[in-house]
Amino acid sequence: PSIYQKNLEDMRLKKLSLLIGMLLLVQLAFTQDYWLQKDTVKGPPKSAACAFVLQNKGFAVTGMDEFEYKRKMYSYRADQDDWDDELSLGGDGGAGLERVGAVAFALTHEGQQKGYIALGQTPTIAYMNDLWEYNPATQAWSQKANFTGTPRREAVSFVVGQVAYVGTGSALSGLQNDFYAYDPTTNAWSQVADFSGTPRQAAVGFSMLDYGFVGTGDDGTMRQDFWMYNPITDQWIQKANFPGSPRSGACGWAAFPVCYLGTGEDAAHTFHKDLWEYNYYLNSWTQRADLPGVGRKNAIAFYLDGWGYIGTGYNNGVFLDDFWGYSGTASQKELEKVEVKVYPNPSAMYIQFAADSPVENLVCSDLSGKNYSIIAAQHNGHITLDIEHLPVGTYFLAWEQNTTAQIATFVKCE
């Protein structure tokens, strides 16, 4: 574990209290689960680009079109539904930085939001390990410390706190499962625990709450496993498998307490347009409305102003430039959670809560997301839970009553 873990622990506890409170305030008039077509992504149709979000704009950069690799960057404003030209990767002196299969992320550094591009493959088939920072205040690119792992393409990235994590991918030596953390305050990389899944390329990565998530991808076989990384403990925890077809080149985004994963290409070379929603509390997946456009792989995706977006990509010889917004982020069932008081709390042996209807899909998990079996008995309008076997710590409960999602937190003491 790295030196910034204590700060992450403090941030996590504060954010936990805030997020539980926020869940109680959100009320939706109806379940949203629909797509709207948006402004076509500027420039020629392209694939294998990457994207980040900063200053209320989504940025798409690099990739390839029918004729060449790209370093061009464009930005999207949701309030105007419009794409604009931005400074290409490397600026005026950036010739030779064209690439595909790069990773992108955004960090706040020196009080400013900045975008970052790393890794990828150039037209000369060179695998890259460089890192570039975009400062929107000065509209300039500057090169930062090189990635310390093997140069590679089709890796994944996510951000927890103000640290970026980058790993997996394809190098000249083969597929990788190593992972590294980049701290912009020191402009330095440090190696963290290897990804616990198989070495792979073209997986999906994003962050939610104070954890990173990685799933699907290609290790020689198309995969559908899904993993959560805890920076505090420097450990990977396997979560419920992605229920769609195993695939590579998918994309996704997070909007706590849910995240979304979809599109991609499977082993039969079918290009998918399905979308699946993962529930952090329940560790389960639900299929949502398909992308109305054609199926695709290597699209960009990001979350901006309450909407998820997917655009560009590749389908059976055709490069794409369409762009779609998804308004199911997040669904009513997950957001309209009712917090229930449990007692006694803290407790060493058991807890109770009132329940005048059957309890379904009860899940108990710790702050790392690990699930625990728990025995529940219902009697005279109350549920009693046996928690004597649980380790000391703080826990989430999530369940359903009359189709309404319920949550609670409790502390197991000695």
Tell me whether the rings of F226 and W285 are parallel (<30°), tilted (30 to 60°) or perpendicular (>60°).
perpendicular
Is the ring centre of Y372 less than 6.0 Å from the ring centre of Y395?
yes
Sequence neighbours excluded, the answer for side chain to side chain contact (heavy atoms under 4.5 Å, CB included) partners of K72 is Y74, D85, S88
Only one of D218, D225, D178 forms a salt bridge (Lys or Arg N to Asp or Glu O under 4.0 Å) with R200, so which one is it?
D225
Can a cation-pi geometry be assigned to K38 and W307, taking NZ or CZ under 6.0 Å from the six-membered ring centre and within 45° of the ring axis?
yes
Is the distance between the ring centroids of W236 and F195 under 6.0 Å?
yes
Distance-minimising heavy-atom pair for P44 and D65
CG-OD2, 3.2 Å
Qualifying ring-ring contact (aromatic ring centres under 6.0 Å, His included) pairs, either residue in residues 86-108, two or more places apart:
F105-Y116
Enumerate the residue pairs fulfilling side-chain hydrogen bond (donor to acceptor under 3.5 Å, both in side chains) with a member in residues 91-106, sequence neighbours excluded, ordered by first and then second residue.
R99-D130
Parallel, tilted or perpendicular: which describes the rings of F59 and Y134, with under 30° parallel and over 60° perpendicular?
tilted
Would you call R247 and D274 a salt bridge, taking side-chain N to carboxylate O under 4.0 Å as the test?
yes
Could you grab the distance from atom CD1 of I351 to atom CG of L390, nearest 0.5 Å is fine?
8.5 Å
State, without any angle test, whether T198 and D219 hold a side-chain donor-acceptor pair at a distance under 3.5 Å.
yes
Are Y76 and W83 near enough that their ring centres are under 6.0 Å apart?
yes
Taken to the nearest 0.5 Å, the spacing of I383 CD1 from L397 CG works out to 11.0 Å
Does R152 come within less than 4.0 Å of E154, counting only side-chain N to carboxylate O?
no
F158 and Y165 aromatic ring geometry - parallel, tilted or perpendicular at 30°/60° bounds
parallel
